[in-house]
Engineer: 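Below is a structure I'd like to ask you about.
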Amino acid sequence: MGNQIGLWFYELQTQNMKLGLRISRTLAQEKTPYQDLLVVDTLEYGRLLALDGAIQLTVSDEFIYHEMIAHVPLMAHEDPKSVLVVGGGDGGTVREIVKHLSVEHVDLVEIDERVLDVCRRFFPEISRSLSDPRVRVAVGDGIEFVKKATSQYDVIIIDSSDPIGPGVGLFEKEFYQGVFDALKPEGLFVAQTESPFSNRDLIQRVYASAKSIFPKAALYLAPIPTYPSGLWSFTTGSKVYDPISPARSMPDDIVCRYYTPEIHKAAFALPRFVKELIGEYAGAGNA
């Protein structure tokens, strides 16, 4: 496809905001049965994957997202052995999960087989753990997969794309009830829930759903430079464990570039505007 130094990739992040990145090469561009898929090399953030025009990852900042969506729930559980990932066909979340030697089995369910194929080809450093012997990759509908699972997983991670196209149903209350049923009695889940600046209604809806279903619910934040607004939220629900604090010490053999036990706790220290957003601000005395 050659060099295209004068070209730019633009993501319309809201109707009033877009992010532009100069690109050096277009590596893949196709319409899959589910979405438009694009892989380009950018000059600022390296290789980039976009689905339906929305950035899913860049090689420069993906580690923040994948470490925070994986290690927070895994470290909040005392002994995670079985994990389900819904979405996440790029493999980054699985890469972080298998760093935990206690994990014996990981199921990954990705609806779009072309995402798996393209990421294996163009993002080998991110997707390599999809070949780990503990990992089973299934191509299919994550919602239907969850419906068929009962008390099967210690941790479920909803690594979904944006709430458009095939990702819409992954943000509905009915789905989170299915997640509850698919978890073991001490299980917990986490889902990426978009930006507290750009997706306020979605965060309110998902957090309310999690709080109504799970005995313990919480929201935490992480900075993702290439995602809308640069500030991202994750919603977690737990049957037993308090997700705000690690339940065990960080294994010495796990190397992370962003996540630490201190970051884990700090991520749940929400600014007032986010507390107000999810209805958890109780006035100055409890700020």
Side-chain angles (χ1 to χ4, degrees), residues 1-15 17-63 65-66 69 85-95 106-132 135-145 157-171 191-192 194 198-199 224-228 232:
M1 296 182 181
N3 292 329
Q4 302 172 13
I5 294 296
L7 295 183
W8 287 73
F9 166 84
Y10 290 103
E11 178 187 348
L12 188 64
Q13 297 191 330
T14 73
Q15 291 302 310
M17 176 176 67
K18 66 180 178 181
L19 172 67
L21 296 170
R22 191 185 296 275
I23 67 175
S24 59
R25 288 192 300 168
T26 300
L27 298 168
Q29 187 171 15
E30 64 179 88
K31 187 173 183 62
T32 79
Y34 296 96
Q35 54 209 338
D36 292 321
L37 184 154
L38 177 70
V39 179
V40 295
D41 281 338
T42 76
L43 298 178
E44 190 71 27
Y45 285 105
R47 190 157 292 176
L48 174 152
L49 170 69
L51 298 175
D52 284 335
I55 296 171
Q56 303 303 301
L57 65 87
T58 75
V59 295
S60 290
D61 69 353
E62 57 83 13
F63 67 96
Y65 174 86
H66 289 129
I69 201 172
V85 180
V86 178
D90 55 75
T93 298
V94 169
R95 179 194 65 202
V106 183
D107 281 325
L108 180 137
V109 186
E110 167 62 53
I111 197 169
D112 194 337
E113 188 170 16
R114 289 301 297 152
V115 172
L116 291 162
D117 294 340
V118 167
C119 288
R120 283 187 172 112
R121 178 180 177 187
F122 293 109
F123 299 92
E125 73 280 19
I126 298 173
S127 64
R128 64 179 184 268
S129 294
L130 293 176
S131 300
D132 187 288
V135 178
R136 180 175 64 186
V137 177
V139 177
D141 186 338
I143 297 172
E144 294 303 315
F145 190 97
I157 298 174
I158 316 303
D159 185 4
S160 63
S161 56
D162 294 338
I164 56 176
V168 171
L170 300 176
F171 294 88
Q192 74 84 10
E194 310 281 308
S198 305
N199 307 92
I224 318 291
T226 53
Y227 285 4
W232 215 242

Engineer: Holding to salt bridge (charged side-chain N to carboxylate O under 4.0 Å, His left out), I want the full list of residues that pass it with Glu144, two or more places apart in sequence or in another chain.
Structural biologist: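 With sequence neighbours excluded, Glu144 shows a salt bridge (charged side-chain N to carboxylate O under 4.0 Å, His left out) to Lys147, given in chain and number order.
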Engineer: What pairs with Tyr227 under side chain to side chain donor-acceptor pair (under 3.5 Å), at least two apart in sequence or on another chain?
Structural biologist: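 With sequence neighbours excluded, Tyr227 shows a side chain to side chain donor-acceptor pair (under 3.5 Å) to no residue whatsoever.
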Engineer: If you measure only the distance, is there a donor-acceptor pair under 3.5 Å linking the side chains of Asp90 and Gln56?
Structural biologist: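 Side-chain D/A pair, Asp90 to Gln56: absent.
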Engineer: Asp117: what forms a side chain to side chain donor-acceptor pair (under 3.5 Å) with it, not counting sequence neighbours?
Structural biologist: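 Partners of Asp117 under the side chain to side chain donor-acceptor pair (under 3.5 Å) test: Arg114.
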Engineer: Grab the two heavy atoms, one from Ser60 and one from Glu44, that are nearest each other, plus how far apart they are.
Structural biologist: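 Reported closest heavy-atom pair: OG-O, 4.3 Å.
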Engineer: Kindly say whether Val115 contributes a backbone atom to a donor-acceptor pair with the side chain of Glu113 at under 3.5 angstrom?
Structural biologist: no
Engineer: Is the closest side-chain heavy-atom distance between Thr32 and Val118 below 4.5 Å?
Structural biologist: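 Side-chain contact under 4.5 Å: no.
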Engineer: Looking at residues at least two apart in the chain, or sitting in another chain, which of them share a salt bridge (charged side-chain N to carboxylate O under 4.0 Å, His left out) with Asp61?
Structural biologist: none
Engineer: Calculate, to the nearest 0.5 Å, the distance between atoms CZ and CG belonging to Arg47 and Leu57 respectively.
Structural biologist: 11.0 Å
Engineer: Considering all heavy atoms of both residues, which atom of Pro225 and which atom of Tyr45 are nearest to each other, and what is their separation?
Structural biologist: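 Shortest heavy-atom separation between Pro225 and Tyr45 comes out as CB-OH, 3.6 Å.
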Engineer: Please report the closest heavy-atom contact between Ile55 and Thr226, naming both atoms and the distance.
Structural biologist: CD1-O, 3.7 Å
Engineer: Could I get the full list of salt bridge (charged side-chain N to carboxylate O under 4.0 Å, His left out) partners for Glu62, not counting sequence neighbours?
Structural biologist: Arg95
Engineer: Test of understanding: with salt bridge (charged side-chain N to carboxylate O under 4.0 Å, His left out), list the residues that count as partners of Asp141, not counting sequence neighbours.
Structural biologist: none
Engineer: With a 3.5 Å cut-off and sequence neighbours excluded, list the donor-acceptor pairs that the side chains of residues 120-131 form with protein atoms.
Structural biologist:
from, atom 1, to, atom 2, distance (Å)
Ser127, OG, Cys119, O, 3.2
Ser127, OG, Phe123, O, 3.0
Arg128, NH1, Glu125, O, 2.4

Engineer: For a quick test of reading the model, state the closest non-hydrogen atom pair linking Leu43 to Ser24 and the distance between them.
Structural biologist: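 Heavy atoms of Leu43 and Ser24 come nearest at CD2-CB, 3.8 Å.
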